[in-house]
Amino acid sequence: MEGKTILTGIRVNSEMTLGNFLGALLPMTRLANKYSANNKINIFIPDLHTIISDVDGELQKNLVKEIKYYLAAGLVLNENVHIYRQSYVPAHSELCWILNCVATMGETSRMIQYKEKSHNGDQSTNVGIFDYPILMAADILLYDANYVPVGEDQFQHIELTRDIASRFNNKFGEIFVLPENTENQVKFIESANGAGGVRIRDLQNPEKKMSKSAEAENSKIMMNDDPAKVTKKIMSAQTDSLGKIAFDMFNQPGISNLLQIESLVSGVPLQDVISTWAGESHYGDLKKKVAETVSTYLSDFQAKVAEISDEEVYKILEEGERYANEVANKKLFEVQKAFKLR
Ligand code: TYM
């Protein structure tokens, strides 16, 4: 594969969950390392998406930390890898406004994340929560992105991006490149990561995704948890009473989640992890193994993060933002011309 653009963003909240890490950051890192010789890799910090919820005053610190996370996860930099902050590239917000005039209330209101975050359209919800997928469409379309490695919960937004882009292109000509559809996105992520479009589950309530906003501490693993905490959380994960280990997200979401985590963290293909454990009945043994894999990975990872300086990160951002402004402004100009704004 060559000449493609691979792009993703992860919001910076107080701390990243293992769900964000395994759903987006680690796959993006593996894909970047596999494809960056002949393709463009855009990694950005959606800081404007972050402010849809209360900001805790640590945004700058968290943003620098997120970039250190990519480096600690093994991201190799070269001239095709660019890292930038969304708010440092004003074309994102400008294109978002223009796309607001292309997208419809109907399609945007149907977004599951909007429904969840607004508690089904609660009138006190801020407009940013409603508009968030349109800004996301702008993030993607400014750079002609083909592949957008995200977790399963974000695929609906990529499909919306495709709909908006094709409506625009039908009216104004082929200005936007449509990102690949969900099926191709999943296959692509699998090509370097072993699994694509994953949904890491809440440890206490495995029907739900692991989320930063979960109240129970034991529900989520944070990337800065110490090994003892990780072990405690995994050992207390909810499972089921079937008494046999199998990968079955429907009937055994808790056990399947642990198998999935084991595979993604260790890099051992899921099928191999499943066959190692198939038919075993001691859930405690599986939990112990997963706890060991995750806590060993995290302590090594945290040590690497501590070695990276803030200066190094700011240097990377400076180069990335110069590049991103150049590319994004070109695309924005074409769109402005289409609307007779220029
Ligand atoms: P955000 O910040 O909510 O989540 C970041 C990434 O983490 C993935 N993720 C998960 N994956 C698996 N299991 C989980 N439990 C889990 N929780 C979160 C998400 O799918 C996502 O990939 N709108 C985006 C950020 C964004 C973006 C973009 C992404 C803004 N513009 C353009 C790609 C392209 C968001 O809020 O994700």
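For ligands, and for the atoms within them, numbers begin at 1 and follow the listed sequence.
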Identify all side-chain donor-acceptor contacts of residues 98-109 below 3.5 Å with residues at least two apart in sequence or on another chain.
residue	atom	partner	partner atom	Å
Asn100	ND2	Asp131	OD2	3.2
Thr104	OG1	Glu107	N	3.1
Glu107	OE1	Arg167	NH2	2.8
Glu107	OE2	Thr104	N	3.0
Glu107	OE2	Arg167	NH1	2.9
Glu107	OE2	Arg167	NH2	3.2
Thr108	OG1	Thr104	O	2.8
Ser109	OG	Met105	O	2.4

Starting from atom 13 (N) of ligand 1, which protein heavy atom do you reach first, and at what distance in Å? Ile200 N, 2.7 Å
Which one of Leu141, Asp202, Asn20 has a non-hydrogen atom at the shortest distance from atom 7 (O) of ligand 1? Asn20
What atoms in ligand 1 come closer than 4.0 Å to a heavy atom of Phe44? 28 (C), 31 (N), 32 (C)
With a 4.5 Å cut-off on side-chain heavy atoms, are Phe247 and Gln260 touching? yes
If you have a sec, work out which protein heavy atom is nearest atom 20 (O) of ligand 1 and how many Å separate them, to one decimal? Asp153 OD1, 2.5 Å
Among all protein heavy atoms, pick out the one at the shortest distance from atom 23 (N) of ligand 1; state its residue, atom name and that distance to 0.1 Å. Tyr132 OH, 3.0 Å
Minimum non-hydrogen distance to atom 24 (C) of ligand 1, winning option of Glu66, His157, Met210, Gln154: Gln154
Any donor-acceptor N or O pair under 3.5 Å, side chains Thr17, Asn20: yes
Atom 34 (C) of ligand 1: closest protein heavy atom, distance to 0.1 Å, is Val148 CG1, 3.5 Å
Run the ring-centre check on Phe188 versus Tyr35 and record whether the distance is less than 6.0 Å. yes
the protein heavy atom lying closest to atom 2 (O) of ligand 1 turns out to be Arg11 N, 2.9 Å
Which of the numbered atoms in ligand 1 are under 4.0 angstrom from any heavy atom belonging to Gly23? 11 (N), 12 (C)
Using a strict 4.0 Å cut-off to heavy atoms of Asp139, name the atoms of ligand 1 that fall inside it. 28 (C), 30 (C), 31 (N), 32 (C)
Nearest-neighbour protein heavy atom for atom 12 (C) of ligand 1, which is reported as residue plus atom name and distance: Val198 O, 3.2 Å
Hey, does Gln113 come in under 3.5 Å of ligand 1, counting only N/O atoms on both sides? no
Enumerate, atom names and distances included, each donor-acceptor pair closer than 3.5 Å involving a side-chain atom of residues 329-342, sequence neighbours excluded.
residue	atom	partner	partner atom	Å
Asn329	ND2	Asn325	O	3.1
Lys331	NZ	Asp144	OD1	2.8
Lys331	NZ	Ile175	O	2.6
Gln336	NE2	Glu94	OE2	3.4

Heavy-atom closest pair (Tyr143 atom, Asn42 atom, distance to 0.1 Å) is CD2-ND2, 3.3 Å
With a 4.0 Å cut-off, would you call Lys289 and Glu292 a salt bridge? no
List the closest protein heavy-atom neighbour of atom 6 (C) of ligand 1: residue, atom name, distance to the nearest 0.1 Å. Ala24 CB, 3.5 Å
How does Arg199 reach ligand 1, by side chain, by backbone, by both or by neither, if only non-hydrogen atoms under 4.0 Å count? backbone
Is the distance between the ring centroids of Tyr132 and His157 under 6.0 Å? yes
Can you tell me which portion of Tyr143 lies within the under-4.0 Å heavy-atom range of ligand 1? Options are side chain, backbone, both, or neither. neither
Mind checking whether Phe301 and Tyr297 have parallel, tilted or perpendicular rings, split at 30° and 60°? parallel
Protein contact of atom 26 (C) of ligand 1 - nearest heavy atom, named by residue and atom, plus distance: Gly9 O, 3.8 Å
Per-atom filter on ligand 1: closer than 4.0 angstrom to a heavy atom of Lys209 are 15 (N)
Go through ligand 1 atom by atom and flag the ones less than 4.0 Å from a non-hydrogen atom of Thr8. 33 (C)
Tell me, yes or no, whether the heavy-atom count around Lys40 atom NZ, taken from other residues, nucleotides or ligands under 6.0 Å, exceeds 12. no
Out of Gln260, Lys208, Met136, Arg201, who is nearest to atom 32 (C) of ligand 1 when you count heavy atoms only? Met136
Inter-residue atom distance Glu180.CD - Ile158.CD1, 0.5 Å rounding: 11.0 Å
Establish, from distance only, whether the side-chain atoms of Thr125 and Tyr114 form a donor-acceptor pair under 3.5 Å. no
Phe21 to ligand 1, any heavy atom closer than 4.0 Å: no
